[in-house]
Amino acid sequence: MPKFDDIGPYKFFFYSAEGNEPPHIHVRRDRATAKFWLDPVRIERSRRFTDHELRLIQKLVDENKEAILEVWNEHFSR
């Protein structure tokens, strides 16, 4: 499970077996999880995050989109 970064209480990561999907990032805090597509940044699914928190996370994903894509492309180009 390649890790992108931790931002505040959120852990940003992706799964190695998902390279056949469009670029995306998973986010976890405690038992809450979400998946965001990166182009354009939008939520794919969520479990246990509030709407307010999802808006905050989407903003974090958008602000870090280029760095996330760089890690994604580096990992899946191997």
Side-chain angles (χ1 to χ4, degrees):
M1 176 171 59
K3 182 177 162 186
F4 169 69
D5 202 358
D6 293 347
I7 302 174
Y10 306 110
K11 301 196 181 319
F12 292 80
F13 62 94
F14 48 86
Y15 294 103
S16 292
E18 294 182 333
N20 59 333
E21 293 186 23
H24 61 277
I25 192 82
H26 294 267
V27 184
R28 178 183 309 267
R29 182 193 46 76
D30 303 325
R31 293 179 56 198
T33 61
K35 178 178 177 179
F36 286 85
W37 298 122
L38 296 176
D39 193 24
V41 173
R42 67 188 187 285
I43 190 161
E44 198 277 326
R45 68 174 175 258
S46 169
R47 185 176 288 169
R48 296 191 175 105
F49 280 119
T50 65
D51 289 343
H52 171 78
E53 206 166 14
L54 286 170
R55 286 190 296 275
L56 171 63
I57 296 167
Q58 184 163 340
K59 182 178 179 199
L60 291 171
V61 171
D62 196 43
E63 289 171 351
N64 291 279
K65 175 182 171 179
E66 294 306 316
I68 294 169
L69 282 169
E70 188 174 313
V71 171
W72 173 278
N73 290 329
E74 181 179 308
H75 181 76
F76 288 109
S77 67
R78 296 180 194 171

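Side-chain atoms are counted along with the backbone in the values below, which use heavy atoms only and exclude waters and symmetry mates. We number each residue from 1, following the sequence as shown. Because the structure is a prediction, the values reported are computed rather than measured.
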Would you say the side chains of [X] and [Y] form a donor-acceptor pair under 3.5 Å?
X	Y	value
E18	H24	yes
H26	T33	no
E21	Y15	no

Is there a continuous path of hydrophobic side-chain contacts, each under 4.5 Å between heavy atoms, that joins [X] to [Y]?
X	Y	answer
F4	L54	yes
I43	V41	yes
F14	W37	no
L69	F13	no

Can you tell me how far apart [atom1] ([X]) and [atom2] ([Y]) are? Round to the nearest 0.5 Å.
X	Y	atom1	atom2	value
L38	D62	CG	CG	9.5 Å
N73	H75	CG	NE2	11.5 Å
K59	N64	NZ	CG	11.5 Å
R42	K35	CZ	NZ	10.5 Å

| query | Within a reach of under 6.0 Å around CD of E44, are more than 12 heavy atoms found that belong to other residues, nucleotides or ligands? | reply |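 Correct, the count exceeds 12.
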| message | With a sphere of 6.0 Å drawn around CZ of R29, does it hold more than 12 non-hydrogen atoms of other residues, nucleotides or ligands? | response |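 Buried by this count: over 12 neighbours within 6.0 Å.
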| Any side-chain heavy atom of L60 within less than 4.5 Å of one from E63? |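 Touching, per the 4.5 Å side-chain cut-off.
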| query | What do the steps show when you test I25 against K65 for side-chain contact (heavy atoms from CB on, under 4.5 Å), and what is the final call? | reply | CA-CA 9 Å; I25 192 82; K65 175 182 171 179; over 6 Å; no
| task | State whether the side chain of K3 and the backbone N or O of K11 hold a donor-acceptor pair below 3.5 Å, judged by distance alone. | result |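 No.
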| query | How close do V61 and F12 get, heavy atom to heavy atom, and via which atoms? | reply |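 Minimum heavy-atom separation between V61 and F12: CG2-CE2, 3.7 Å.
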| said: If you compare all heavy atoms of F49 against all heavy atoms of R28, which two are closest, and at what distance to 0.1 Å? | reply: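 Minimum heavy-atom contact is CZ-C, 4.4 Å.
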